[in-house]
Amino acid sequence: MKDICCIGHITLDKIVTPDNEFYQNGGTAYYFAYGMNCLPKDVSFQLVTSIAPKDMEAVEKMRREGIDVKAFESRDTVFFENKYGANKNERTQRVLARSDAFTVDQVKGLEAKMFHLGSLLSDDFSPEVVECLANRGRVSIDVQGYLREVRGEQVYAIDWADKRRVLEMTDTLKLNEYEMEVVTGEKDPRRVARVIAGWGVREVVVTFGSYGSLIYAGEKFYDIPAFTPKKNVDVTGCGDTFSTGYLYCRGKGVPCDEAGRFAAAMCTLKIEHPGPFNGTIEDICHLMETA
């Protein structure tokens with residue numbers, strides 16, 4: 001049995017910034033897996049993904065890097081276009097291709113203490129899939145995909161129909177300052193956290209980009225400051241990297257506030273270069289000690 005199993009699609013991303021344009025793989029599954037692979041192996045990990053056969057090289061590359069990957073075949077691979085302006089905390093998206101949703105048959109044989117669902121689009125994980133996993137281990141969800149509805153190529157923020165049913169089965173929920181208002185209708189982060197906890201979620205993590213994050217667990221709030229990167233190169237996958245660091249620490253029994261600081265430092269180091277986190281735990285600890 002693995003300590004953490006991340007389930008999600010690997011994407012092909014087109015990144016457009018005021019200074020650059022490039023293509024790379026991405027998605028929660030991708031950033032989470034590479035981030036975990038850089039950390040000590042005292043927390044065991046498996047990635048479960050779905051990808052088109054023509055893009056299977058992305059999976060083979062991960063396996064060559066030593067990542068345990070279980071890959072299902074999809075008719076296509078998710079293709080995102082992410083455009084960033086001068087404010088790196090804001091982006092616009094288009095979806096140029098979509099992968100098949102995950103099914104109960106695909107996940108019912110998985111064994112893990114924690115399942116992290118890296119949803120990218122609203123239909124990636126049905127309530128039945130979440131229920132199957134919740135009966136096998138704890139469930140962590142990044143809410144972003146549940147709130148993305150695709151119309152044509154455009155992405156629109158929506159609430160999701162099965163929200164209360166899914167959240168009753170969720171141990172850890174991560175959402176940002178925009179998503180929290182869509183989910184609850186509230187603008188006060190502390191009010192948001194209490195509302196979501198009242199729906200059954202044990203740990204609520206709200207991120208604010210360069211302004212830090214807020215964690216609510218055990219009826220206590222933890223304010224986590226952001227670290228300042230030496231340079232802002234690529235913020236794509238930043239939230240996924242935060243989840244990686246946080247769940248890695250929680251998997252080891254580290255308290256929420258310490259896990260949040262670790263996640264913030266890991267996220268900051270990722271911002272300083274394109275692609276997923278590629279540093280070491282020593283780099284993370286050094287930043288935490290010297291910032």
Side-chain angles (χ1 to χ4, degrees), residues 1-11 26-39 41-51 62 67-72 78 99 101-102 106-122 124-127 129-148 166-176 179 196 200-207 213 215 217 237-254 256 259-260 262-263 266-267 270 276-277:
M1 176 182 290
K2 300 293 184 181
D3 292 314
I4 299 175
C5 174
C6 177
I7 309 173
H9 295 114
I10 296 172
T11 70
T28 294
Y30 180 85
Y31 288 101
F32 199 102
Y34 273 104
M36 285 292 296
N37 202 44
C38 290
L39 299 174
K41 301 303 185 288
D42 44 5
V43 175
S44 58
F45 173 73
Q46 181 182 45
L47 170 65
V48 176
T49 192
S50 176
I51 194 169
M62 288 178 141
I67 300 172
D68 181 355
V69 186
K70 182 178 181 65
F72 295 101
V78 183
S99 290
F102 291 94
Q106 289 173 336
V107 306
K108 65 183 180 181
L110 301 178
E111 299 285 346
K113 297 176 182 176
M114 168 71 77
F115 296 100
H116 180 59
L117 308 188
S119 60
L120 296 177
L121 298 173
S122 58
D124 282 352
F125 299 100
S126 68
V129 167
V130 180
E131 182 177 21
C132 177
L133 294 170
N135 288 331
R136 308 182 73 83
R138 290 171 291 148
V139 172
S140 167
I141 289 178
D142 187 322
V143 78
Q144 59 179 339
Y146 277 103
L147 309 184
R148 288 180 180 146
V166 170
L167 293 182
E168 286 177 355
M169 301 181 283
T170 303
D171 286 84
T172 303
L173 184 74
K174 188 190 80 66
L175 62 173
N176 65 27
E179 295 159 352
I196 293 174
V201 179
R202 295 182 182 179
E203 296 181 18
V204 182
V205 181
V206 186
T207 59
S213 57
I215 298 170
C238 189
D240 302 321
T241 304
F242 188 100
S243 292
T244 306
Y246 184 76
L247 294 178
Y248 172 83
C249 288
R250 295 297 286 145
K252 296 175 62 176
V254 174
C256 292
F262 183 95
M266 186 173 179
C267 183
K270 177 264 166 290
F277 177 81

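- Listed by chain and number, the residues in a salt bridge (charged side-chain N to carboxylate O under 4.0 Å, His left out) with K70 amount to none (sequence neighbours excluded).
- Contact check for I215 versus V204: no side-chain heavy atoms found under the 4.5 Å cut-off.
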* Test side chain to side chain contact (heavy atoms under 4.5 Å, CB included) applied to L117 and L133, step by step -> CA-CA 10 Å; L117 308 188; L133 294 170; 3.5 Å; yes
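- Between A101 and Q106, the shortest heavy-atom distance links the atoms O-OE1, 4.1 Å.
- Side-chain atoms of T49 come within 3.5 Å of backbone atoms of G8 as a donor-acceptor pair (strictly under, hydrogens ignored).
- Residues C5 and I7 are in side-chain contact: their nearest non-hydrogen atoms beyond the backbone lie under 4.5 Å apart.
- In summary, the side chains of Y34 and D240 do not present any donor paired with an acceptor at a separation below 3.5 Å, with no hydrogens or angles considered.
- Two residues are said to be in side-chain contact when any heavy atoms from C-beta on lie closer than 4.5 Å; F125 and V166 fail this criterion.
- Annotation for A263 and G245: closest pair CB-C, 4.0 Å, computed over non-hydrogen atoms.
- Proximity of a side-chain donor or acceptor of S99 to a complementary backbone N or O of V78 within less than 3.5 Å is detected.
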* To do: Output, in order, the C-alpha distance, side-chain angles, deciding distance and verdict of side chain to side chain contact (heavy atoms under 4.5 Å, CB included) for L110 and Q46.
  => CA-CA 10 Å; L110 301 178; Q46 181 182 45; 4.2 Å; yes
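- The heavy-atom pair separating F72 from V48 by the smallest distance is CE1-CG1, 3.7 Å.
- For E179 and Y146, the side-chain atoms include no donor-acceptor pair closer than 3.5 Å.
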* What's the verdict on side chain to side chain contact (heavy atoms under 4.5 Å, CB included) for Y30 and H9, showing C-alpha distance, side-chain angles and the deciding distance? -> CA-CA 8 Å; Y30 180 85; H9 295 114; over 6 Å; no
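- Judged purely by atom type and a 3.5 angstrom limit, S140 has no side-chain atom pairing as donor or acceptor with the backbone of H116.
- Ion pairing between a basic and an acidic side chain is recognised when a charged N comes within 4.0 Å of a carboxylate O; D68 and K2 show such pairing.
- Counting only N and O atoms by type, the side chains of D142 and T28 include no donor and acceptor under 3.5 Å apart.
- In this structure, OG1 in T172 is found 4.0 Å from CD in E203, a value given to the nearest 0.5 Å.
- For the pair Y248 and F45, the minimum side-chain heavy-atom distance is 4.5 Å or more.
- Within the 3.5 Å criterion, the main-chain N or O of G27 finds a donor-acceptor partner in the side chain of T11.
- For the residue pair K270 and G237, the shortest heavy atom distance occurs at CE-C, 4.1 Å.
- With D171 as the partner, the salt bridge (Lys or Arg N to Asp or Glu O under 4.0 Å) test is satisfied by one option alone out of R202, R138, R250: R202.
- The CE atom of M266 sits 4.5 Å away from the CG atom of L39 when rounded to the nearest 0.5 Å.
- To the nearest 0.5 Å, the span separating CE on M62 from CD1 on I67 amounts to 4.5 Å.
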* List the steps, then state whether side chain to side chain contact (heavy atoms under 4.5 Å, CB included) holds for L167 with L173. => CA-CA 8 Å; L167 293 182; L173 184 74; 3.9 Å; yes
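- Residues I141 and K174 are not in side-chain contact: their nearest non-hydrogen atoms beyond the backbone lie 4.5 Å or more apart.
- Atom CG of N176 and atom CZ of F242 lie 12.0 Å apart (nearest 0.5 Å).
- Residues satisfying the salt bridge (charged side-chain N to carboxylate O under 4.0 Å, His left out) test with E168, not counting sequence neighbours, are none.
- Shown here are the side-chain hydrogen bond (donor to acceptor under 3.5 Å, both in side chains) partners of S50, two or more places apart in sequence or in another chain: there are none.
- Put simply, the side chain of S119 never gets that close to the backbone of D124: no donor and acceptor are under 3.5 Å apart.
- To the nearest 0.5 Å, atom CZ of residue F115 and atom CD1 of residue I4 are 11.5 Å apart.
- The distance from atom CG of D42 to atom CG of D3, rounded to the nearest 0.5 Å, is 8.5 Å.
- Remark: side-chain polar atoms of S126 are paired, donor with acceptor, to backbone N or O of V129 under 3.5 angstrom.
- Ionic pairing of R136 and E111 is present here: one or more N-O contacts between side-chain nitrogen and carboxylate oxygen are shorter than 4.0 angstrom.
- Judged by distance alone, with hydrogens and angles left aside, the side-chain atoms of R148 form a donor-acceptor pair with the main-chain N or O of L120 at under 3.5 Å.
- Side-chain contact check for C256 versus Y246: some heavy-atom pair is nearer than 4.5 Å.
- Counting heavy atoms from C-beta on, the side chains of V254 and F262 never come closer than 4.5 Å.
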